[in-house]
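Only heavy atoms go into these numbers, but all of them, side chains included; no hydrogens, no water, no symmetry mates. Everything quoted here is computed from the prediction, not taken from an experiment. Per chain, numbering begins at 1; letters A, B, ... match sequence-line order.
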There are 2 protein chains.
Amino acid sequence: MLKQEAAPSLRLETILHALGDPVRLGIVRQLAREGESSCAALNGGRSKSTMSHHFRVLREAGLVVTRVQGVTHMNGLCRSAVEASFPGLLAAVIDCPVAGAPVENSAA
Amino acid sequence: MLKQEAAPSLRLETILHALGDPVRLGIVRQLAREGESSCAALNGGRSKSTMSHHFRVLREAGLVVTRVQGVTHMNGLCRSAVEASFPGLLAAVIDCPVAGAPVENSAA
DNA sequence: GTCTTAGTTCGATATGTTTCGAACAAAGGC
DNA sequence: GCCTTTGTTCGAAACATATCGAACTAAGAC
């Protein structure tokens with residue numbers, strides 16, 4: 001079962017706004033590096049409700065799809081869909097080193 | 001004379017945040033299409049102080065440089081600097097059609 | 001059926017952002 | 001010198017966002 005709020009609009013403005021938050025940027029980058037993850041696996045010490053909010057923004061922007069798998073929700077990056085609408089955008093955001101680790105780097 | 005707040009940090013997070021606002025995204029896209037412009041040439045009916053604020057955010061993000069030329073301030077996109085740090089990012093943001101015209105399209 | 005787990009939704013608070021008008025500063029034209 | 005033009009800076013108001021805890025829901029384990 002997929003969670004997707006209607007057809008995501010895939011508006012550039014909405015996508016950039018979603019990516020403009022450090023927590024969400026961290027989520028997207030981590031999802032890109034490590035593939036699907038549960039919500040809990042990405043909370044950098046933030047509360048469940050905060051994370052739920054950020055995932056909702058990412059979902060509504062069309063950047064992330066959430067697949068409900070039993071009790072956990074697996075989130076995946078919508079690489080191809082975003083790539084189709086805005087070629088090169090995700091690659092540029094993902095394939096570059098970045099200072100500061102918004103979501104802890106699991107390098108602990 | 002160039003206006004540049006110290007060395008712009010060129011942080012991805014800051015750049016995405018700057019681009020996440022529809023007015024600023026419009027400015028950047030228009031600057032990309034039409035080259036340098038004065039501040040006044042890009043106000044979509046907004047007040048001077050509002051535009052000044054947006055240009056400041058763009059400048060601080062390292063997306064725009066402002067050259068003072070007599071009484072007017074000419075703003076140009078820092079394509080190469082941004083491209084050097086985040087290859088493909090500006091291209092992805094600029095070279096795509098976008099719904100909604102934040103800054104009026106001069107197609108009036 | 002009861003309990004646990006993983007997320008969501010709600011309501012509140014604190015913080016940021018956008019926007020404006022008014023006052024200011026710099027550069028030139030007269 | 002004075003006036004005009006173009007932006008900037010300063011408050012202030014309106015709005016949006018990030019964050020939390022508490023109450024809720026759905027799925028499964030027991």
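B/Leu16 and B/Ile94 end up in the same hydrophobic cluster when Ile, Leu, Val, Met, Phe, Trp and Tyr side chains are linked at under 4.5 Å.
Listed by first and then second residue, the side chain to side chain donor-acceptor pair (under 3.5 Å) pairs that reach into residues 15-29 of chain A are A/Arg24-A/His54, sequence neighbours excluded. Within the structure, the side chain to side chain donor-acceptor pair (under 3.5 Å) test picks out no pair touching residues 76-89 of chain A (sequence neighbours left out).
Taking atom CG on A/Leu16 and atom C1' on D/dT17, their separation rounds to 17 Å, with Å as the unit. Atoms CG (A/Leu58) and P (C/dT8) sit 12 Å apart, rounded to a whole Å. If you take NE2 of A/His54 and P of C/dT9, they are 15 Å apart, rounded to a whole angstrom. One can place CD of A/Glu60 at 15 Å from P of D/dA16, the figure rounded to the nearest angstrom. A/Arg67 has its CZ atom 14 Å from the P atom of C/dT8, to the nearest Å. When the P atom of D/dT8 is taken as reference, atom CZ of B/Phe55 falls 8 Å away, rounded to whole Å. Rounded to whole Å, atom P of C/dC10 lies 8 Å from atom CZ of A/Arg56. If you measure from atom CE of B/Met74 to atom P of D/dT8, you get 13 Å, rounded to the nearest angstrom.
When the side chain to side chain donor-acceptor pair (under 3.5 Å) test is applied to B/Thr50, the partners found at least two apart in sequence or on another chain are B/Ser47.
Put simply, the side chain of A/Val93 does not reach to within 4.5 Å of the side chain of B/Phe86, judged on heavy atoms.
Between the side chains of B/Thr66 and B/Asn75, a donor-acceptor pair is found at a separation under 3.5 Å.
Contact annotation: B/His53 reaches the phosphate of C/dT18 (side-chain N/O to OP1 or OP2, under 4.0 Å). Within the structure, a side-chain polar atom (N or O) of A/Arg24 is placed less than 4.0 Å from OP1 or OP2 of D/dA18. Distances shown here put a side-chain N or O of B/Arg59 below 4.0 Å from the OP1 or OP2 atom of D/dT8.
Listed nucleotides: D/dT19, D/dT6, D/dT9. Nearest to the side chain of B/Thr72: D/dT6. Distances from the side chain of A/Ser52 to the nucleotides C/dT8, C/dT19, D/dT8 place C/dT8 closest.
Here the shortest heavy-atom pairing between A/Leu90 and A/Leu77 reads CD1-CG, 4.3 Å.
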Give the B/S/- string for nucleotides 20-30 of chain D, one per nucleotide from 5' to 3', where a protein heavy atom under 4.0 Å of the base yields B, of only the sugar-phosphate yields S, and otherwise -.
BBB----BS--

